[in-house]
Amino acid sequence: QVQLVESGGGLVQPGGSLRLSCAASGSGFSINTMGWYRQAPGKERELVASITPRSSTNYADSVKGRFTISRDNAKNTVYLQMNSLKPEDTAVYYCAAAISPVFGSRYGTYWGQGTQVTVSS
């Protein structure tokens with residue numbers, strides 16, 4: 001069974017940095033696009049950034065120039081480097097990936113469990 005396991009959240013002061021990681025575990029699967037979403041209290045989940053297998057990236061306007069998404073295909077891992085953090089970045093961050101769990105099967109969206117990021121002084 002394929003699972004996405006996230007790490008790296010926490011409490012940081014405004015202007016600080018955090019790095020999130022998300023690793024896919026299991027065997028026999030294939031990964032296409034990977035991404036990070038976030039959901040703040042009382043708000044809908046929104047896309048933060050995504051990255052294709054060849055590292056073509058896409059960012060929400062609110063994080064452009066501050067966040068960087070990257071991936072290591074050999075490790076089935078995606079990262080989100082977050083710099084110049086603002087209080088409005090506070091949210092639960094979720095990793096997502098388009099995964100084919102068995103060779104030749106359809107791709108479906110898999111989600112991580114979420115990690116809390118709190119930006120506060």
Side-chain angles (χ1 to χ4, degrees):
Q1 185 175 358
V2 182
Q3 289 186 319
L4 297 177
V5 180
E6 302 160 2
S7 60
L11 173 64
V12 64
Q13 293 186 343
S17 298
L18 280 175
R19 188 191 195 209
L20 306 182
S21 300
C22 172
S25 64
S27 62
F29 60 90
S30 300
I31 305 178
N32 199 323
T33 298
M34 305 183 80
W36 290 94
Y37 289 73
R38 67 186 181 187
Q39 187 166 20
K43 294 188 177 182
E44 294 187 353
R45 190 173 297 189
E46 63 174 357
L47 175 66
V48 175
S50 63
I51 185 168
T52 68
R54 294 192 176 186
S55 295
S56 176
T57 58
N58 179 54
Y59 294 94
D61 288 342
S62 59
V63 307
K64 283 180 181 177
R66 300 188 299 121
F67 290 11
T68 302
I69 189 170
S70 60
R71 65 190 286 171
D72 184 332
N73 292 329
K75 295 182 179 180
N76 295 317
T77 299
V78 63
Y79 307 95
L80 186 68
Q81 177 66 43
M82 304 184 293
N83 299 329
S84 302
L85 282 160
K86 304 175 181 179
E88 51 263 44
D89 295 317
T90 295
V92 178
Y93 284 70
Y94 296 91
C95 169
I99 293 176
S100 170
V102 177
F103 178 78
S105 66
R106 294 176 59 183
Y107 281 84
T109 301
Y110 286 66
W111 293 89
Q113 79 282 5
T115 185
Q116 178 70 45
V117 171
T118 301
V119 185
S120 176
S121 55

Going from CD on Gln13 to OG1 on Thr118, what distance comes out if it is rounded to the nearest 0.5 angstrom?
13.0 Å
With the 4.5 Å side-chain cut-off for hydrophobic clustering, are Leu47 and Trp111 part of the same group?
yes
Separation between OG1 of Thr68 and CZ of Arg19, rounded to the nearest 0.5 Å
10.5 Å
Under 3.5 Å, side chain of Tyr59 to main-chain N/O of Arg66, donor-acceptor pair present?
no
Using only heavy-atom distances, determine whether the side chains of Ser105 and Ser100 contain a donor-acceptor pair under 3.5 Å.
yes
Under 4.5 Å between side-chain heavy atoms, counting indirect links through other Ile/Leu/Val/Met/Phe/Trp/Tyr residues: same cluster for Tyr107 and Met34 or not?
no
Does a side chain donor of either Thr77 or Asp72 reach within less than 3.5 Å of an acceptor in the other side chain?
no
If I take atom CG from residue Leu85 and atom OG from residue Ser120, how far apart are they, to the nearest 0.5 angstrom?
12.0 Å
For the residue pair Arg45 and Tyr94, would you count it as a cation-pi contact if the rule is NZ or CZ under 6.0 angstrom from the ring centre and within 45 degrees of the ring axis?
yes
In this structure, OG of Ser62 is separated from CD of Glu46 (nearest 0.5 Å) by 5.5 Å
From Leu18 CG over to Leu11 CG, what is the distance, rounded to the nearest 0.5 angstrom?
8.5 Å
Is Leu4 reachable from Val117 through a run of hydrophobic residues whose side-chain heavy atoms are each under 4.5 Å from the next?
yes
Hey, what's the ring geometry for Tyr93 with Phe67, parallel, tilted or perpendicular (30° and 60° as the breaks)?
tilted
Please check if Tyr110 and Val48 belong to a single hydrophobic cluster, counting links between Ile, Leu, Val, Met, Phe, Trp and Tyr side chain heavy atoms closer than 4.5 Å.
yes
Closest non-hydrogen contact found for Ser84 with Asp89 is O-OD2, 4.4 Å
Shared hydrophobic cluster for Val12 and Val63 (ILVMFWY, side-chain gaps under 4.5 Å):
yes
Any idea which heavy atoms bring Ser21 and Trp36 closest together, and the distance?
O-CH2, 3.6 Å
To the nearest 0.5 Å, what is the distance between OH (Tyr79) and SG (Cys95)?
11.5 Å
Show the nearest heavy-atom pair for residues Ser70 and Val78, with the distance to one decimal.
O-CG2, 3.2 Å
Kindly give the heavy-atom pair with the smallest separation between Leu20 and Gly9, and that separation in Å.
CD2-N, 3.6 Å
For Ile31 versus Pro53, what's the shortest heavy-atom pair and its separation?
O-CG, 4.1 Å
Considering non-hydrogen atoms only, spot the tightest contact between Ile69 and Gly35 and give its length.
CD1-CA, 4.1 Å
Donor-acceptor pair, side chain of Arg71 and main chain of Ile51, under 3.5 angstrom:
yes
Polar contact flag, side-chain donor to acceptor under 3.5 angstrom, Glu88-Thr90
no
Test side chain to side chain contact (heavy atoms under 4.5 Å, CB included) on Gln81 and Ser17; report intermediate values, then the result.
CA-CA 7 Å; Gln81 177 66 43; Ser17 298; 3.9 Å; yes
Is the side chain of Glu6 donor-acceptor paired with the backbone N or O of Gly114 at a distance under 3.5 Å, no angle test?
yes
